[in-house]
Novice: 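Pasting a structure here, questions to come.
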Amino acid sequence: DLLPLVLFWNIWAFWAQAAGFIRISGQSGAKVLAGYLLYLVLWLVLLAVFVQMFVAAGWLDAEQILKAWEAQVQQVQ
């Protein structure tokens, strides 16, 4: 039930941080947002690499991860 408050806080914190980076760096907003997008893409790639490594090492179960993901998707719908 705190989800709206958490979402508001996350959105506010993101834009406050982005505005601070724009002001401090003197760069355009597009460059700062491109940096955020690049960070997100690299983070997702690294996450996928580490998950694959852990699955290959037997530390994680791919089927269990898939089932948890499907449960999350069903909960959102």
Side-chain angles (χ1 to χ4, degrees):
D1 296 308
L2 290 175
L3 183 62
L5 181 61
V6 171
L7 286 175
F8 172 75
W9 178 261
N10 285 332
I11 292 168
W12 177 85
F14 168 78
W15 285 111
Q17 186 181 47
F21 285 154
I22 292 167
R23 177 171 254 206
I24 289 171
S25 69
Q27 299 294 321
S28 69
K31 284 186 180 180
V32 171
L33 293 178
Y36 273 109
L37 184 62
L38 179 62
Y39 171 78
L40 175 65
V41 169
L42 290 175
W43 184 83
L44 290 173
V45 168
L46 284 174
L47 177 66
V49 167
F50 276 101
V51 167
Q52 288 297 331
M53 285 176 24
F54 292 158
V55 167
W59 294 352
L60 294 175
D61 182 17
E63 287 184 32
Q64 188 176 6
I65 294 171
L66 184 59
K67 286 179 184 176
W69 173 258
E70 289 173 351
Q72 288 288 340
V73 169
Q74 290 297 327
Q75 187 178 12
V76 170
Q77 292 176 352

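The residues of the chain are indexed from 1 along the displayed sequence. No hydrogens, no waters, no symmetry mates; every other heavy atom, side chains included, goes into these values.
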Novice: Should Val51 and Trp43 be counted in the same cluster of Ile, Leu, Val, Met, Phe, Trp and Tyr side chains packed under 4.5 Å apart?
Specialist: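 Yes; Trp43 is reachable from Val51 via cluster members.
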Novice: Heavy atoms only: give me the nearest Ser28-Ile22 pair and the separation to one decimal.
Specialist: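 In terms of heavy atoms, the two residues are closest at O-CG1, 4.5 Å.
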Novice: Atom CD of Gln74 and atom CD of Gln72: how far apart are they, to the nearest 0.5 Å?
Specialist: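 Here the interatomic distance stands at 11.0 Å.
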Novice: Once ring pair (Phe, Tyr, Trp, His ring centres under 6.0 Å) is applied, do any residues pair with Phe50, and if so which ones, sequence neighbours excluded?
Specialist: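 Once residues adjacent in sequence are excluded, Phe50 has no partner under the ring pair (Phe, Tyr, Trp, His ring centres under 6.0 Å) criterion.
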Novice: List, by chain and number, the other hydrophobic cluster members for Leu2, where Ile, Leu, Val, Met, Phe, Trp and Tyr join if side-chain heavy atoms come within less than 4.5 Å, directly or indirectly.
Specialist: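 Direct or chained contacts put Leu2 with Leu5, Val6.
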Novice: Is Met53 reachable from Leu44 through a run of I, L, V, M, F, W or Y residues, each pair having side-chain heavy atoms under 4.5 Å apart?
Specialist: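 They do share one cluster, since a chain of ILVMFWY contacts under 4.5 Å joins Leu44 to Met53.
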Novice: Could you measure the distance from the CG atom of Leu47 to the CD atom of Gln52? Nearest 0.5 Å is fine.
Specialist: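 Atom-to-atom, Leu47:CG and Gln52:CD are 10.0 Å apart.
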Novice: Would you say Tyr39 ends up clustered with Leu42 if hydrophobic residues are merged whenever their side chains have heavy atoms under 4.5 Å apart, either directly or through other cluster members?
Specialist: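 Hydrophobic grouping puts Leu42 apart from Tyr39.
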Novice: Check Leu60, Val49, Ile65, Asp61 against Phe54 for a side chain to side chain contact (heavy atoms under 4.5 Å, CB included) and give me the one that passes.
Specialist: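 Single side chain to side chain contact (heavy atoms under 4.5 Å, CB included) partner of Phe54 among Leu60, Val49, Ile65, Asp61: Leu60.
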Novice: How close do Val32 and Ala18 get, counting heavy atoms only, and between which atoms?
Specialist: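 Minimum heavy-atom separation between Val32 and Ala18: CG1-O, 4.1 Å.
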Novice: Which residues end up grouped with Trp69 if you chain together Ile, Leu, Val, Met, Phe, Trp and Tyr wherever their side-chain heavy atoms are less than 4.5 Å apart?
Specialist: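 Members other than Trp69 - counting any ILVMFWY side chain reachable under 4.5 Å - are Val73.
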Novice: Inspect the surroundings of CD in Gln64 and state if more than 12 heavy atoms from other residues, nucleotides or ligands are less than 6.0 Å away.
Specialist: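 Open.
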Novice: State plainly whether one hydrophobic cluster holds both Leu40 and Leu33, where clusters connect Ile, Leu, Val, Met, Phe, Trp and Tyr through side-chain heavy atoms under 4.5 angstrom apart.
Specialist: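 No, Leu40 does not connect to Leu33 through the hydrophobic network.
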Novice: So, using side chain to side chain donor-acceptor pair (under 3.5 Å) as the criterion, who are the partners of Lys31 when residues are at least two apart?
Specialist: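 Applying side chain to side chain donor-acceptor pair (under 3.5 Å) to Lys31 gives Gln27.
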Novice: Going by ring pair (Phe, Tyr, Trp, His ring centres under 6.0 Å), name the pairs with one or both residues in residues 15-35, residues two or more places apart or in two chains.
Specialist: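 Sorted result for residues 15-35: empty, none.
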Novice: Hydrophobic clusters join Ile, Leu, Val, Met, Phe, Trp and Tyr when side-chain heavy atoms are under 4.5 Å apart, directly or via other members; which others share one with Trp9?
Specialist: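 Trp9 shares its hydrophobic cluster with Trp12.
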Novice: Are Tyr36 and Ile11 connected in a single hydrophobic cluster, I mean Ile/Leu/Val/Met/Phe/Trp/Tyr linked by side-chain heavy atoms less than 4.5 Å apart?
Specialist: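 In one cluster with Ile11: Tyr36, yes.
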